[in-house]
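To keep things clear, I will list the structure first and then write my remarks on it.
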Amino acid sequence: MRSDSAILPIGFACAMNRLMTVSPAAMPADEELVAKARAGDARAFELLAQRHQEKAFHIAFGFARDREEAKDLSQDAFLKAFMNLNKFDGRSGFYTWFYRILVNVCLDHKRRRSRHASEEFNEAVENQVEPSHPSAATVTPDKEAMATQLSRKVGTALEGLPAKQRTAFILKNHQGLSIREIAEVMETAEGTVKVHLHRAVKALREELAEFA
């Protein structure tokens with residue numbers, strides 16, 4: 001496993017490791033924290049990272065399907081955002097700007113990687129593809145085997161989607177972003193996002209038809 005700690009700004013790597021211990025007290029708006037971070041307040045960027053780290057991890061996991069890789073990718077994105085704060089012009093929200101960076105980091109990683117490992121069933125994907133599924137108090141061996149098979153099938157199906165369809169699907173289902181917000185992140189028209197989502201859901205339904 002590679003480590004980027006050596007290239008992080010002084011104190012940033014340690015700050016990222018402390019994020020989970022930061023008190024969830026009320027925090028100022030993203031734009032105010034960005035302004036403070038630009039002025040040299042490292043703590044302000046810590047708070048920005050804390051605010052968005054969980055969502056960032058889930059987006060990265062949607063692309064990588066591997067927890068350690070997702071951690072690396074989200075940290076890479078935070079580092080890239082930190083190093084490029086001077087390029088944030090405020091025309092969109094910080095989260096839109098940051099998620100655009102994160103998605104690009106994930107897509108670049110996907111292009112470099114020859115194969116992916118699908119290891120965990122994502123409940124958000126299951127709910128989108130099959131929103132109505134009964135909950136059982138007792139999981140039988142047969143049901144557990146079926147869930148494992150479905151998990152692998154979903155991972156494979158999601159992996160097989162074209163990059164733009166997968167990006168739109170992950171942003172919608174992992175983050176609950178609106179069509180407008182996804183369009184901003186992907187820098188495309190809202191109608192195009194709707195097409196990507198429609199095609200992604202259709203493809204996933206077809207791939208998982210045997211489980212219907």
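All heavy atoms count here, side chains included; hydrogens, waters and symmetry mates do not. Quick caveat, the model's predicted, so the values are computed rather than measured.
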Using modelled atom types only, decide if a donor and an acceptor are shared between the side chain of N84 and the backbone of K80 within a distance under 3.5 Å.
yes
N173 side, atom CG; L204 side, atom CG - distance, nearest 0.5 Å:
9.0 Å
Under the side-chain hydrogen bond (donor to acceptor under 3.5 Å, both in side chains) test, residues paired with D89 that sit two or more places apart:
R91
Decide whether V34 and F82 are clustered together by the hydrophobic rule: side chain heavy atoms of Ile, Leu, Val, Met, Phe, Trp, Tyr closer than 4.5 Å, transitively.
yes
Minimal heavy-atom distance between E184 and S92, with the atoms involved, is OE1-CB, 4.3 Å
Do H109 and C106 have side chains that get closer than 4.5 Å, going by heavy atoms?
no
Is the shortest side-chain heavy-atom distance between F78 and L102 below 4.5 Å?
no
If you compare all heavy atoms of A60 against all heavy atoms of L73, which two are closest, and at what distance to 0.1 Å?
CB-CB, 4.0 Å
Determine whether L47 and R43 satisfy the following criterion, side-chain contact (heavy atoms from CB on, under 4.5 Å), listing intermediate values before the conclusion.
CA-CA 6 Å; L47 295 178; R43 172 65 172 168; 3.9 Å; yes
Do the side chains of V195 and I179 join up, straight or via other hydrophobic residues, at under 4.5 Å, putting them in one cluster?
no
What distance separates E31 CD from K36 NZ, expressed to the nearest 0.5 Å?
13.0 Å
Could you pull out the closest heavy-atom pair between L161 and Q165, with the gap in Å?
CD2-OE1, 3.8 Å
Looking only at non-hydrogen atoms, find the nearest pair between H196 and M186 and report the distance.
CD2-CE, 4.1 Å
Do other residues, nucleotides or ligands put more than 12 heavy atoms under 6.0 Å from the CD atom of E54?
no
Does A70 offer a backbone N or O that forms a donor-acceptor pair with the side chain of R65 under 3.5 Å?
no
T167 vs F63 side-chain heavy atoms within contact, under 4.5 Å
yes
Measure the spacing between NE2 of H58 and OG of S74 and express it to the nearest 0.5 Å.
10.5 Å
Return the CG to CD distance between D41 and E32, rounded to the nearest 0.5 Å.
10.0 Å
Would you say the rings of F98 and F88 are close, in the sense that their centroids are separated by under 6.0 Å?
no
If you look at every heavy atom in G62 and R166, which pair is closest and at what distance?
O-NH2, 2.5 Å
Do E190 and K194 pass the salt bridge (Lys or Arg N to Asp or Glu O under 4.0 Å) test, and can you show the C-alpha distance, the side-chain angles, and the key distance before you say yes or no?
CA-CA 6 Å; E190 293 182 24; K194 292 179 181 179; 5.5 Å; no
L171 and V103, any side-chain heavy atoms less than 4.5 Å apart
yes
Qualifying residues under side-chain hydrogen bond (donor to acceptor under 3.5 Å, both in side chains), relative to E181, sequence neighbours excluded:
Y95, S178
Sequence-distant partners of R199, side-chain hydrogen bond (donor to acceptor under 3.5 Å, both in side chains), two or more places apart:
none
Measuring from I101:CD1 to Y99:OH, what's the distance to the nearest 0.5 Å?
12.0 Å
How about R67 and F57: do any of their side-chain heavy atoms sit closer than 4.5 Å?
yes
Side chains of H52 and D30: do they bring a donor and an acceptor to under 3.5 Å?
yes
What do the steps show when you test N104 against R100 for side-chain contact (heavy atoms from CB on, under 4.5 Å), and what is the final call?
CA-CA 6 Å; N104 286 333; R100 189 178 300 143; 4.1 Å; yes
Min side-chain heavy-atom separation L197-K172 under 4.5 Å:
yes
For A44 and L33, which heavy atoms make the closest approach, and how far apart are they?
CB-O, 3.4 Å
